[in-house]
Amino acid sequence: MQTLTITTPDDWHLHFRDNEMLAETVPATARCFQRAIVMPNLVPPVVNADMAIAYKQRIEAARPQGSDFTPLMTLFLTNQTTAQDIVDAKQAGVTACKLYPAGATTNSDAAVKGIEALYPVFEAMQAEGLLLLIHGEVTEHHIDIFDREKVFIDKHLSLIVNAFPKLKVVFEHITTADAAAFVKEASDFVGATITPQHLLLNRNDLLVGGVRPHNYCLPVLKRNTHQQALRDVVATGHKRFFLGTDSAPHAKHKKENACGCAGCYSAWSAIELYAEVFEQLGAIDKLEGFASHNGADFYGLPRNTTTITLEKNQWQVPEQVTLADGTDMVPFYAGQPLQWKLKSAFNPR
Ligand code: DOR
Ligand code: ZN
């Protein structure tokens with residue numbers, strides 16, 4: 001059987017949630033990822049170093065026995081965040097801060113109104129070497145949801161990267177040709193994560209033949225020309241684009257709802273979903289750079305020293321997973337076939 005061995009990957013954008021949910025989400029990610037950037041949009045959000053340290057400990061306590069999976073912590077920026085918060089965060093080992101425009105997505109009501117007010121905080125992050133991770137969508141009511149990423153680039157992102165040329169900025173879960181072009185043309189201080197759903201799907205997969213709530217996430221899936229632009233950029237192996245699943249669990253009944261939650265739970269099949277993309281693109285040789293090298297290099301962290309092995313062996317993503325408390329969740333790509341399957345993880349080189 002055909003196999004593929006790559007450096008152990010990392011997930012540079014992930015939602016673990018908290019408390020009982022960690023018993024589900026942490027093993028799912030620790031299955032094949034060595035590290036993950038943990039998003040801070042809890043209720044209440046993770047807004048300071050003490051909260052980040054406590055959350056990190058709860059995640060570590062949920063690791064499967066023997067796992068040395070490392071969560072990389074982030075702070076949720078608000079209009080109350082101060083430069084001192086950034087100094088303290090750096091001291092406590094926090095890796096990055098997440099900028100959500102207020103109301104952009106799940107649990108982001110406490111987030112930032114008036115991004116320019118945060119420039120002193122960005123200044124402190126640049127000085128301390130904390131990365132700025134951005135949910136790049138405007139939230140003004142009159143802006144069409146399919147245009148929100150492009151407008152964010154023009155109104156905010158281009159200004160931020162110009163004002164802080166030595167601040168490392170990750171444009172998270174990009175969805176458009178505009179975003180891909182912006183990152184390509186930007187300096188080496190600007191990178192981007194791309195989710196499996198934005199590489200595998202487009203808005204037809206959300207809306208044709210009935211609304212498909214399990215394909216609903218934010219930023220929302222875009223038209224196929226945008227999907228193609230994302231596929232093209234990863235197929236070239238560009239070094240500033242890297243793996244970030246945005247795996248975001250929600251209960252089945254909250255997604256299959258008159259007002260369904262945004263988020264795709266992809267953790268249990270994450271590396272296989274990306275392998276599917278690169279297989280479709282005839283670029284499986286580019287999977288390792290995207291999944292295991294580019295993110296670490298961008299963050300200035302060492303690459304992992306172990307490997308994982310995938311085998312080409314078609315399997316099906318399960319239709320449902322059930323949590324210990326009986327909550328059902330529908331994983332992303334449920335019931336669909338994938339060509340590659342994780343065979344073994346964390347092999348010594
Ligand atoms: O679809 C999404 N779900 N997008 C986000 O930005 C947040 C995430 C969540 O936390 O559920
Ligand atoms: Zn996210």
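Along the sequence shown, residues are numbered consecutively beginning with 1. This is a predicted model, so every value here is computed, not measured. Every number for a ligand or one of its atoms is a count from 1 in the order of the listing.
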| query | Do F189 and F164 have ring centroids that are under 6.0 Å from one another? | reply |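 Ring-ring flag for F164/F189: false, centres at least 6.0 Å apart.
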| H135/H173 aromatic ring centres below 6.0 Å |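 Between H135 and H173, the centre distance is under 6.0 Å.
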| said: Against F290, only a single residue in F242, Y274, W12 fulfils ring-ring contact (aromatic ring centres under 6.0 Å, His included); can you say which? | reply: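 One option only clears the test, and that one is Y274.
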For [atom], what is the nearest protein heavy atom, given as residue, atom name and distance?
| atom | result |
| --- | --- |
| atom 5 (C) of ligand 1 | T105 OG1, 3.0 Å |
| atom 3 (N) of ligand 1 | A262 O, 3.0 Å |
| atom 4 (N) of ligand 1 | L218 O, 2.8 Å |

| field | Joint cluster assignment, V277 & L221, ILVMFWY side-chain distance < 4.5 Å | value |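 Yes: a chain of side-chain contacts under 4.5 Å links V277 to L221.
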| query | Is the shortest side-chain N to carboxylate O distance from K341 to E311 below 4.0 Å? | reply |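 A salt bridge is absent here (no side-chain N lies under 4.0 Å from a carboxylate O).
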| task | Identify the heavy atoms of A49 and L75 that sit nearest to each other, and give their distance. | result |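 A49 and L75 have their closest heavy atoms at N-CD2, 4.1 Å.
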| task | Would you please say whether a donor-acceptor pair under 3.5 Å links the side chains of D328 and Q320? | result |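 The criterion, which ignores hydrogens and geometry beyond distance, is satisfied for Q320 and D328.
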| query | Do N224 and Q228 have side-chain atoms, one donor and one acceptor, less than 3.5 Å apart? | reply |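 Q228 and N224 do not have a side-chain donor-acceptor pair below 3.5 Å.
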| request: Of the side chain and backbone of H135, name the one, both, or neither that has a heavy atom under 4.0 Å from an atom of ligand 1. | output: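 Side chain only.
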| task | Please confirm if an N, O or S atom belonging to D246, backbone or side chain, lies less than 2.8 Å from the Zn ion (ligand 2). | result |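 A backbone or side-chain N, O or S atom of D246 is under 2.8 Å from the Zn ion (ligand 2).
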| request: Confirm or rule out an N/O/S atom of H135, from backbone or side chain, lying less than 2.8 Å from the Zn ion (ligand 2). | output: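 No, H135 does not qualify, because none of its backbone or side-chain N, O or S atoms lies under 2.8 Å.
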| task | Decide whether the shortest distance between a heavy atom of R17 and an atom of ligand 1 is less than 4.0 Å. | result |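 For ligand 1, residue contact (heavy atoms, under 4.0 Å) with R17 is present.
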| Are H250 and ligand 1 in contact, using a heavy-atom cut-off of under 4.0 Å? |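 Yes; H250 lies near enough to ligand 1 that a heavy-atom distance drops under 4.0 Å.
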| Between T8 and T306, is there a donor-acceptor pair closer than 3.5 Å when you use the side chain of the first and the backbone of the second? |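 Flag set: sc T8 to bb T306 pair under 3.5 Å.
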| said: Below the 3.5 angstrom mark, is there an N/O of A248, backbone or side chain, next to an N/O of ligand 1? | reply: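 By distance alone, the answer is no.
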| query | If you measure every N/O of N41 against every N/O of ligand 1, is any gap under 3.5 Å? | reply |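 Among all N and O atoms of N41, at least one is under 3.5 Å from an N or O of ligand 1.
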| field | Enumerated ligand 1 atoms positioned under 4.0 Å from heavy atoms of H15 | value |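 Per the distance check, 7 (C), 8 (C), 10 (O).
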| Going by the atom numbers of ligand 1, which of them fall below 4.0 Å from some non-hydrogen atom of C217? |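 Within the 4.0 Å cut-off of C217, ligand 1 contributes 1 (O).
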| query | Which is the closest N/O/S atom of H15 when seen from the Zn ion (ligand 2)? | reply |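 Looking only at N, O and S atoms of H15, the one nearest the Zn ion (ligand 2) is named NE2.
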